[in-house]
Amino acid sequence: MLVSVAYGTDTKKVVKILLDIADKHKDTLAYPKPAVTFLNFGDSNLDLRLTFWVRDYDIGSGVASDIRFAINQRFAEENIEIAYPTMDLHVEKKPVAPTATQVRRNTSLSRQPVVRRKTRRTPRRPLRPLDEPGR
């Protein structure tokens with residue numbers, strides 16, 4: 001069974017507690033002996049595995065449940081924190097690079113007055129009816 005404890009927990013103490021609980025249960029076998037393996041440094045926890053044997057396959061899930069209840073109670077008595085997923089978020093305020101629009105607005109060219117070119121306008125000729133001669 002997988003047991004996860006918080007970082008900073010005394011792992012030797014946890015191993016001792018887990019083995020003590022498994023050894024004292026009436027339905028676990030003395031041989032092979034229960035064992036604890038340190039599996040991994042998790043994202044927010046230390047992962048350990050408690051392995052034990054029972055005399056009959058049919059009682060395995062009940063024994064595992066009993067041992068989990070005992071672990072939960074004993075950890076509470078010993079002030080050992082069962083780990084849960086956590087995430088620390090560090091936010092730094094950094095200057096943001098200006099966008100292309102902001103760069104165009106802040107250039108010296110954009111501060112110059114806008115000069116419009118004068119265009120020569122040709123006057124429109126009045127429309128003539130289609131039936132007018134000369135067309």
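This chain uses plain numbering: 1 for the first residue, then up along the sequence. Just so it is clear, the structure is predicted and the values come from calculations on it, not from any experiment.
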Within 6.0 Å of CZ in F69, more than 12 heavy atoms from elsewhere: no
Can you confirm whether more than 12 heavy atoms, excluding those of D43, are under 6.0 Å from its CG atom? no
Test of understanding: clusters of I, L, V, M, F, W, Y form through side-chain heavy atoms closer than 4.5 Å, transitively. Do V3 and I82 belong to the same one? yes
Please determine whether residues F41 and L48 belong to a single hydrophobic cluster, defined as Ile, Leu, Val, Met, Phe, Trp and Tyr linked transitively by side-chain heavy-atom distances below 4.5 Å. yes
Quick check for you: to the nearest 0.5 Å, what is the distance between D66 atom CG and R68 atom CZ? 10.5 Å
The reported gap from CZ in R55 to CG in L29 (rounded to nearest 0.5 angstrom) is 9.0 Å
Are side-chain heavy atoms of [X] and [Y] found at a separation under 4.5 Å?
X: L46; Y: V14; answer: no
X: D47; Y: L2; answer: yes
X: I21; Y: L50; answer: no
X: W53; Y: V63; answer: no

List the atom of [X], the atom of [Y], and the distance in Å for their closest heavy-atom pair.
X: A83; Y: A6; result: CB-N, 3.7 Å
X: G42; Y: Y7; result: O-OH, 2.7 Å
X: T28; Y: H25; result: OG1-O, 3.1 Å
X: A64; Y: F52; result: CA-CZ, 4.0 Å

Taking D10 for the side chain and K12 for the main chain, is one N or O donor matched with an acceptor at less than 3.5 Å? yes
